[in-house]
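Convention: sequence-line order gives letters A, B, ...; per-chain numbering from 1.
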Number of protein chains: 4
Amino acid sequence: MSLNKVQLIGNVGKDPDVRYLDNGVAVATFPLATTDRAYTLANGTQVPERTEWHNIVLWRGLAETAEKYVHKGDKLYIEGKIRSRSYDDQNGIKRYIVEIFADNMEMLTLRTTQAGTAQQPMQPGVAPQQPSSAQAVQTADASDDLPF
Amino acid sequence: MSLNKVQLIGNVGKDPDVRYLDNGVAVATFPLATTDRAYTLANGTQVPERTEWHNIVLWRGLAETAEKYVHKGDKLYIEGKIRSRSYDDQNGIKRYIVEIFADNMEMLTLRTTQAGTAQQPMQPGVAPQQPSSAQAVQTADASDDLPF
Amino acid sequence: MSLNKVQLIGNVGKDPDVRYLDNGVAVATFPLATTDRAYTLANGTQVPERTEWHNIVLWRGLAETAEKYVHKGDKLYIEGKIRSRSYDDQNGIKRYIVEIFADNMEMLTLRTTQAGTAQQPMQPGVAPQQPSSAQAVQTADASDDLPF
Amino acid sequence: MSLNKVQLIGNVGKDPDVRYLDNGVAVATFPLATTDRAYTLANGTQVPERTEWHNIVLWRGLAETAEKYVHKGDKLYIEGKIRSRSYDDQNGIKRYIVEIFADNMEMLTLRTTQAGTAQQPMQPGVAPQQPSSAQAVQTADASDDLPF
DNA sequence: TTTT
DNA sequence: TTTT
């Protein structure tokens, strides 16, 4: 009876910050920028481009994929949900933060990942040898022999 | 090169607050709740349901539609983008707020709107005589004679 | 590097047809109608409403949920992917069919399911005692103690 | 009361076929491929990758953008709706075709379009001088001086 | 803090 | 008929 879905295509602002909880679960966070194009209104007003920053949070397999393959500057497709939480800042003031909990990620910047060539943008026409995308759940819940 | 899209199905927390700017443009705001179901983890932990509140902002025709047809408790489909802004609160502390600027709305609670019967849930099987949904842009940009 | 996503809100055209494969996997199929509103073009042309029928296919837990809770006339949210296949019809002519393989379903028509009261629309403000929605995967892949 | 939305990220199979109707409206069509990754089931079965071909239809400004900027092999984000129609083939047999009527397109393959360098994949780090994406409606319906 |  |  409810839907909370976010889909973003944007650029990673910083290399992911990945940490592991006591139970071994990985959590990755990084900022992602989406930018609206500049345009001109009917009355001639110029509306400049505008960048929105999103706080992306990944868990488990997606976090591990991000740790290995996601870097500052990369273009990503992210699908997930909006989630807000509050915390007390260093001055004891209650702050709210809105995060995007991702459940799907597609990497739109291809990179070769062979030793010595890491971090290089993909050459056109050269196929990557490493997985360049990730859908963590895809195989995990396959409990029979049907290919869907 | 960028995508910033949000899709929500949830319930309206309060009647919309609608105001008109000096240039006649309508702006409507209201909170929308989406609720994740409770569930039980593999290890037996009960995860309770969790409600997320979204700050919805509508402009122009959609705001006018909301003023006429949207009420507290209604179930809505909202499509739009995430947009954050900052403001100084009454104590001079800088606050951030995240809003959903909607560009599409579908009303999933049907109501008759004839005089005297307003606010009644729709009878099953009876077609509504009033617009029960709104896509403000749909007709506005039709500048030729093609039906798409 | 690829995305194939469909999101529909529409009405079920017939009670689901559910069958069980030899390995016990359930498959449910039913038609779902989405309807574009009628509207008037700038040049005065009336564009009538138009109904699109979608062939929905559900697997496993979602199929079992559909068998129990989905009925003709119900309004559903369906999320999935487009998938086409060919078959030879009774005249040996090769036919193509496009289906929506659903991986998420939300039931937007609430029904009480107690004996004797089935098929009744939900009273406004009364919480359902039965699950009124389904996300089959949600608990299945939870392998640690984190509530996400 | 209805939603019919498709979102695709895939590769263009052929250069767009663009034609102009008598009233000057442009229509572009081309195939777009989305590919599901290969994966291994829990029981060890290898499921090969699978490509789905989508018939994309663009109108008006989006069609004109496609005519100028979209080429075979390009990666695109497409948002639109599912629409089916029937026709009689050359043998008088009634055939059905499902098309995606796009209302948004984002070009994920960047190309320089300066004279002499057209059709070349973008060099990493070199900014394109031409619009590399298109949202036809974005400016068209701006009828006041508000930047949204 | 990204990208075009 | 694309792409990885």
Subject >> Among dT2(E), dT2(F), dT1(E), the one nearest Thr35(A) by side-chain distance >> reply: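 Nearest listed nucleotide: dT2(E).
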
**OP:** For the side chain of Ala33(D), starting at C-beta, report the closest nucleotide among dT2(F), dT4(E), dT2(E).
**Re:** dT2(F)

Subject >> Backbone of Thr34(D) reached by a side-chain donor or acceptor of Asn4(C) within 3.5 Å >> reply: no

Original post:
Between Asp15(A) (side chain) and His71(A) (backbone), is there a donor-acceptor pair under 3.5 Å?
Top reply: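 Side chain of Asp15(A) to backbone of His71(A), a donor-acceptor pair under 3.5 Å: no, none is there.
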
**OP:** Tell me whether the OP1 or OP2 atom of dT2(F) has a side-chain N or O from Lys72(D) closer than 4.0 Å.
**Re:**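 Affirmative; the distance criterion is met.
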
Subject >> Counterpart residues, side chain to side chain donor-acceptor pair (under 3.5 Å), relative to Glu64(A) (two or more places apart) >> reply: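 Once residues adjacent in sequence are excluded, Glu64(A) has no partner under the side chain to side chain donor-acceptor pair (under 3.5 Å) criterion.
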
Subject >> Listed partners of Arg19(D) passing side chain to side chain donor-acceptor pair (under 3.5 Å), at least two apart >> reply: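 Scan of Arg19(D) (side chain to side chain donor-acceptor pair (under 3.5 Å), adjacent residues dropped) gives none.
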
May I have the distance from [X] (atom [atom1]) to [N] (atom [atom2]), rounded to whole angstrom?
X	N	atom1	atom2	answer
His54(A)	dT1(E)	NE2	P	18 Å
Asp15(A)	dT3(E)	CG	P	11 Å
Leu8(D)	dT1(F)	CG	P	21 Å
Leu32(A)	dT2(E)	CG	P	13 Å
Arg50(A)	dT4(E)	CZ	P	20 Å
Asp74(A)	dT3(E)	CG	P	9 Å
Leu108(D)	dT4(E)	CG	P	12 Å
Ile100(D)	dT2(F)	CD1	P	20 Å

Original post:
Trp53(A) stacking on dT2(E): centroids under 5.5 Å, ring planes under 30°?
Top reply: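 No; centroid distance or tilt outside limits.
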
**OP:** Check if the side chain of Thr51(D) and the base of dT2(F) share a donor-acceptor pair of N or O atoms closer than 3.5 Å.
**Re:** yes

Original post:
Taking for each residue the nucleotide of DNA chain F with the nearest heavy atom, is it Glu49(D) or Pro31(D) whose nucleotide lies nearer the 5' end?
Top reply: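 Its nearest nucleotide lies further toward 5', so the answer is Pro31(D).
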
Original post:
Would you call Lys5(D) and Glu79(D) a salt bridge, taking side-chain N to carboxylate O under 4.0 Å as the test?
Top reply: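 Yes.
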
